[in-house]
Amino acid sequence: MRTPTARLAGFDHDALIYSSDREYTDALVPLVEDGLEAGDEIFAVVVPRNEELLRNAISAESAEAVNWIDATHQYDKPVATLAAYDSILRNLTPGTSAFVIGEIEFGADERAWREWMRYEAVANEVLAPHPFRAVCPYDARRLPAEVVDSAYRTHPEVFGAGSP
């Protein structure tokens with residue numbers, strides 16, 4: 001598996017499909033720690049429950065260095081979300097890369113799912129100029145199969161249970 005950014009020239013957009021809390025932390029904790037060690041800006045845009053999982057799995061020092069953002073607020077509307085990410089990434093210190101965990105809730109109905117699936121596809125183009133890696137976690141325990149399957153169409157690399 002690649003390191004978080006390895007000084008990327010543009011956007012590296014991956015998906016993590018997981019089926020347990022352990023799979024979630026086993027995949028993401030090393031990426032967070034590697035990113036911090038590399039000097040990347042780390043943004044964990046996750047739901048509160050998963051923020052707690054990650055905070056408990058990394059050191060207190062690492063947790064302080066992460067930019068924690070509540071995904072329930074960040075992922076309100078796709079267009080606003082793209083604009084927010086663009087703004088965050090434009091304001092990085094020059095020469096700095098970022099690693100983002102971007103956890104979309106996808107909404108409660110098929111219309112919302114489709115809107116966020118389109119967002120995932122469009123993000124590949126809109127955010128391409130920025131030097132960062134994003135990993136989008138997909139919880140296979142609670143997301144509809146249609147949404148989980150869409151990860152393969154909207155992310156160049158999909159991994160789960162520790163392997164690409």
Side-chain angles (χ1 to χ4, degrees), residues 1-19 23-47 50-51 54 66-93 95-107 112-140 142-164:
M1 186 183 310
R2 293 170 294 203
T3 59
T5 59
R7 300 298 159 237
L8 297 168
F11 182 30
D12 190 6
H13 189 205
D14 301 331
L16 163 66
I17 297 174
Y18 67 99
S19 298
E23 287 179 11
Y24 183 85
T25 56
D26 283 355
L28 295 175
V29 166
L31 297 175
V32 169
E33 291 176 347
D34 289 349
L36 289 170
E37 187 175 311
D40 294 337
E41 281 286 327
I42 309 295
F43 297 89
V45 187
V46 297
V47 296
N50 287 343
E51 178 180 335
L54 287 172
V66 172
N67 298 287
W68 300 98
I69 300 171
D70 185 342
T72 56
H73 301 297
Q74 177 76 8
Y75 292 105
D76 184 36
K77 293 183 176 104
V79 172
T81 300
L82 285 170
Y85 275 126
D86 185 64
S87 177
I88 288 168
L89 296 164
R90 284 182 190 277
N91 290 307
L92 287 175
T93 303
T96 301
S97 293
F99 174 59
V100 174
I101 301 168
E103 185 172 7
I104 300 172
E105 286 289 281
F106 285 94
W113 304 339
R114 293 202 182 287
E115 194 171 325
W116 285 107
M117 288 187 281
R118 282 190 295 272
Y119 160 88
E120 287 279 46
V122 169
N124 290 310
E125 296 299 320
V126 173
L127 300 176
H130 298 291
F132 80 109
R133 180 179 186 198
V135 173
C136 302
Y138 283 69
D139 188 343
R142 62 171 199 74
L143 290 172
E146 178 182 357
V147 171
V148 174
D149 290 345
S150 74
Y152 292 94
R153 293 187 303 276
T154 57
H155 297 80
E157 183 174 326
V158 178
F159 64 99
S163 64

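The first residue of the sequence shown is numbered 1, and numbering continues consecutively from there.
- Side-chain contact between Leu36 and Phe99 is absent, with no heavy atoms from C-beta onward closer than 4.5 Å.
- A donor-acceptor pair is defined here as one N or O able to donate and one able to accept, closer than 3.5 Å; such a pair exists between the side chain of Asn67 and the backbone of Ile42.
- Remark: the Asp86 side chain and the His130 side chain contain an N/O donor-acceptor pair separated by less than 3.5 Å.
- Between Leu89 and Pro131, the closest side-chain pair of non-hydrogen atoms is not below 4.5 Å.
- Residues Arg114 and Glu146 are paired through a salt bridge, judged by an N-O separation under 4.0 Å between the basic side chain and the carboxylate.
- Taking 4.5 Å as the limit, some side-chain heavy atom of Val47 sits within range of a side-chain heavy atom of Glu103.
- Between the side chains of His13 and Glu120, a donor-acceptor pair is found at a separation under 3.5 Å.
- Looking at heavy atoms from C-beta onward, Asp70 lies out of side-chain contact with Tyr75 at the 4.5 angstrom threshold.
- Using the six-membered ring where Trp is involved, Tyr138 and Phe106 have ring planes that are tilted, between 30° and 60° apart.
- Here the side chains of Val100 and Arg133 are not in contact, with every heavy-atom distance at 4.5 Å or above.
- The side-chain heavy atoms of Glu51 and Leu54, taken from C-beta on, include no pair separated by under 4.5 Å.
- Between Leu28 and Ile101, the closest side-chain pair of non-hydrogen atoms falls below 4.5 Å.
- Trp113 places none of its side-chain heavy atoms less than 4.5 Å from the side chain of Leu143.
- Minimum interatomic distance between Phe159 and Asp14 (heavy atoms only, all atoms of both residues): CE2-CB, 4.2 Å.
- Nearest approach of Gly102 to Pro137, heavy atoms of both residues: O-CD, 3.4 Å.
- Heavy atoms only, all atoms of each residue included: Asn124 and Ala128 are closest at O-CB, 3.4 Å.
- Phe132 and Phe11 have their aromatic ring centers within a separation under 6.0 angstrom.
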